[in-house]
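Encoded as structure tokens, the structure appears first; notes follow it.
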Amino acid sequence: MKKFFSLVLALAMALSMASFASAEETTTIHIGVIGPMTGAAAVYGLAVARGAEIAVEEINAAGKVNIVLDVQDDENDAEKSINAYNATLDKGTQVILGCVTTTPCIAVSAQAYDERVFMLTPSASSLEVIANKDNAYQVCFTDPAQGSASAEYIFNKKVGEKVAIIYNNADTYSTGIYQTFESKAAELGLDIVSVTTFTNDTTDFSVQVTEAKNAGADVVFLPIYYTPASQILNAANTMGYKPVLFGVDGMDGILTMPGFDASLAEGLMLMTPFSATDEANQAFVDAYTAAYGTEPNQFAADAYDGVYIVKAALEAAGCTADMSNEEICDALVSAMTSLKFTGLTGTDMTWNAEGQVSKAPTAYVVKDGQYVKG
């Protein structure tokens with residue numbers, strides 16, 4: 001009799017470790033997406049939501065796993081992001097894909113840590129998002145990784161001799177990248193000749209661009225989002241100033257920005273893990289373009305990968321739909337550091353216990369209105 005019960009127990013344990021999809025014919029998981037769907041940062045949130053929707057459609061069509069996606073608008077506001085988080089949990093969300101932007105994600109990740117809800121952010125790159133939280137992981141590079149990689153690329157590729165920096169000192173994302181860029185530049189011996197700042201309310205960048213020009217900078221590093229970058233490009237064009245402009249992943253999307261003359265971005269360089277012109281990404285690009293009438297950017301690709309990463313982690317952890325959010329969270333935390341994933345935004349991606357992703361950075365340059373690997 002003891003042997004019989006031992007066998008039953010062993011069988012039960014084995015079944016509990018079965019794949020996420022094999023627990024029943026169709027297993028349903030609820031994923032909440034939190035990001036700015038309206039407001040000035042909506043272009044990022046909408047791209048994330050749409051990229052996630054493409055992945056969900058593919059996964060659901062394949063059967064076995066059925067993902068229910070709930071998209072919540074936080075308007076890039078920390079307080080509203082908490083409201084969005086609570087609202088999506090009330091609707092049955094078990095895992096959070098988000099937040100999209102850094103400041104809201106810092107707020108939500110703190111509450112999700114206390115409540116043991118697993119989070120995978122496609123695009124909030126600050127270390128503060130994941131600091132001291134075992135439940136929070138990133139698909140995107142951290143700010144330090146972007147800053148260091150940008151300085152190394154400019155130095156190793158001899159992009160220029162004198163560097164100016166224009167960054168948003170009211171934004172955690174921008175400030176974090178600037179700080180690590182400056183540190184790595186000092187280590188490498190890059191000549192930084194001008195550093196100027198702006199805030200979220202700045203619309204006239206003539207002072208910052210003039211200072212860079214007067215300092216003789218032949219490279220301007222812009223660790224910023226593409227809306228202010230477009231204004232900087234316009235200001236430089238007005239002044240007849242033509243340095244190499246070098247940005248980071250927040251710059252992605254500038255070519256399709258409404259009202260912006262994309263020809264001004266010719267020669268722009270940026271660190272981003274995804275390009276819609278890469279042949280390997282064509283199936284995703286075609287599906288996204290057919291669905292939404294525009295090409296996907298890096299935010300969409302990160303979200304697409306994010307959904308598949310969650311699915312892979314759920315399968316690796318042996319999660320089932322009837323598990324509590326706390327149980328799913330603990331299972332995914334255990335699975336993530338052993339996971340290896342290849343997607344649109346990187347090959348052989350892995351994660352450390354701090355939630356940081358490891359993947360090779362890629363630099364692109366805009367040529368003839370397209371991203372080309374630098």
task: Please step through side chain to side chain contact (heavy atoms under 4.5 Å, CB included) for the pair Phe246 and Phe181, ending with a clear verdict.
output: CA-CA 12 Å; Phe246 196 104; Phe181 178 90; over 6 Å; no
- request: Could you tell me how the ring of Tyr371 sits relative to the ring of Tyr364: parallel (under 30°), tilted (30 to 60°) or perpendicular (over 60°)?
  value: tilted
Would you check if the distance from the ring center of [X] to the ring center of [Y] is below 6.0 Å?
X	Y	answer
Phe221	Tyr178	no
Tyr137	Phe118	yes
Phe341	Tyr308	no

So, taking the atom named [atom1] in [X] and the one named [atom2] in [Y], what distance separates them when rounded to the nearest 0.5 Å?
X	Y	atom1	atom2	answer
Ser109	Asn135	OG	CG	7.5 Å
Gln179	Thr175	CD	OG1	6.0 Å
Asp261	Ser230	CG	OG	11.0 Å
Met271	Asp249	CE	CG	9.5 Å
Leu222	Ile224	CG	CD1	4.5 Å
Glu327	Ser324	CD	OG	3.5 Å

Output yes when a side-chain donor or acceptor of [X] lies under 3.5 Å from a complementary backbone atom of [Y], and no otherwise.
X	Y	value
Ser123	Val100	yes
Glu211	Thr196	no
Ser334	Asp330	yes
Trp351	Ser338	no
Thr210	Val207	no
Tyr173	Gly250	yes

Would you say the side chain of [Y] lies within less than 4.5 Å of the side chain of [X], judging by non-hydrogen atoms?
X	Y	result
Phe260	Asn234	yes
Asn325	Cys329	no
Val307	Ile67	yes
Val285	Pro296	yes
Val244	Val220	no
Val65	Asn60	no
Asp143	Leu127	no

Within 6.0 Å of [atom1] in [X], more than 12 heavy atoms from elsewhere:
X	atom1	answer
Tyr241	OH	yes
Asp90	CG	yes
Asn132	CG	no
Gln282	CD	yes

Side-chain donor-acceptor distances from residues 37-56 under 3.5 Å, at least two apart:
| unit_1 | atom_1 | unit_2 | atom_2 | d |
| --- | --- | --- | --- | --- |
| Thr38 | OG1 | Asp73 | OD2 | 2.6 |
| Tyr44 | OH | Tyr226 | N | 3.4 |
| Glu53 | OE1 | Tyr292 | OH | 2.6 |

- prompt: How far apart are the C-alpha atoms of Thr345 and Lys359, what are their side-chain angles, what is the distance that settles it, and do they pass the side-chain hydrogen bond (donor to acceptor under 3.5 Å, both in side chains) test?
  reply: CA-CA 9 Å; Thr345 64; Lys359 55 184 176 180; 3.1 Å; yes
Which heavy-atom pair separates [X] from [Y] by the least distance, and what is that distance?
X	Y	result
Ala229	Met251	CB-SD, 3.1 Å
Leu89	Glu115	CD1-OE1, 3.8 Å
Ala124	Val129	CB-CG2, 4.0 Å
Thr199	Asn168	CA-OD1, 3.5 Å
Ala112	Met119	CB-SD, 3.5 Å
Pro243	Val219	CB-N, 4.2 Å

Could you tell me if [Y] and [X] have a donor-acceptor pair between their side chains, going purely by distance under 3.5 Å?
X	Y	answer
Asn200	Asp171	no
Gln111	Asn86	yes
Asn83	Glu79	no

query: Which residues pass the salt bridge (charged side-chain N to carboxylate O under 4.0 Å, His left out) test with Glu182, sequence neighbours left out?
result: none
task: Please assess Ile177 against Tyr167 for the test side chain to side chain contact (heavy atoms under 4.5 Å, CB included), listing each intermediate value before the final yes or no.
output: CA-CA 9 Å; Ile177 298 176; Tyr167 76 98; over 6 Å; no
field: CA sep, side-chain torsions, deciding dist, call: Leu255, Val366, side chain to side chain contact (heavy atoms under 4.5 Å, CB included)
entry: CA-CA 9 Å; Leu255 295 179; Val366 176; 4.0 Å; yes
Side-chain donor/acceptor pairs under 3.5 Å, residues 150-163, sequence neighbours excluded:
| unit_1 | atom_1 | unit_2 | atom_2 | d |
| --- | --- | --- | --- | --- |
| Ser150 | OG | Gln146 | O | 2.8 |
| Asn156 | ND2 | Glu152 | O | 3.1 |

- request: Give the other cluster members for Val68, using side-chain heavy-atom distances under 4.5 Å between Ile, Leu, Val, Met, Phe, Trp and Tyr residues; answer none if it is isolated.
  value: none
Contacts under 3.5 angstrom, residues 92-99 side chains, donor-acceptor by atom type, not counting sequence neighbours:
| unit_1 | atom_1 | unit_2 | atom_2 | d |
| --- | --- | --- | --- | --- |
| Thr93 | OG1 | Thr88 | O | 3.2 |
| Thr93 | OG1 | Thr88 | OG1 | 2.7 |
| Gln94 | OE1 | His30 | N | 2.8 |
| Gln94 | NE2 | Ala321 | O | 3.3 |

Is there a path from [X] to [Y] through hydrophobic residues (I, L, V, M, F, W, Y) whose side chains come within less than 4.5 Å of each other?
X	Y	result
Ile31	Val108	no
Ile328	Tyr85	no
Ile130	Val310	no

task: Please assess Ile309 against Leu339 for the test side chain to side chain contact (heavy atoms under 4.5 Å, CB included), listing each intermediate value before the final yes or no.
output: CA-CA 9 Å; Ile309 291 164; Leu339 197 67; 4.1 Å; yes
task: Run the salt-bridge test on Asp134 and Arg116 with the 4.0 Å N-O cut-off and return the result as yes or no.
output: yes
Residue pairs fulfilling salt bridge (charged side-chain N to carboxylate O under 4.0 Å, His left out) with at least one residue in residues 271-286, sequence neighbours excluded: none
task: Starting from the C-alpha separation in whole Å, work towards a yes-or-no answer on salt bridge (charged side-chain N to carboxylate O under 4.0 Å, His left out) for Lys91 and Asp70.
output: CA-CA 8 Å; Lys91 294 176 71 173; Asp70 179 55; 2.8 Å; yes
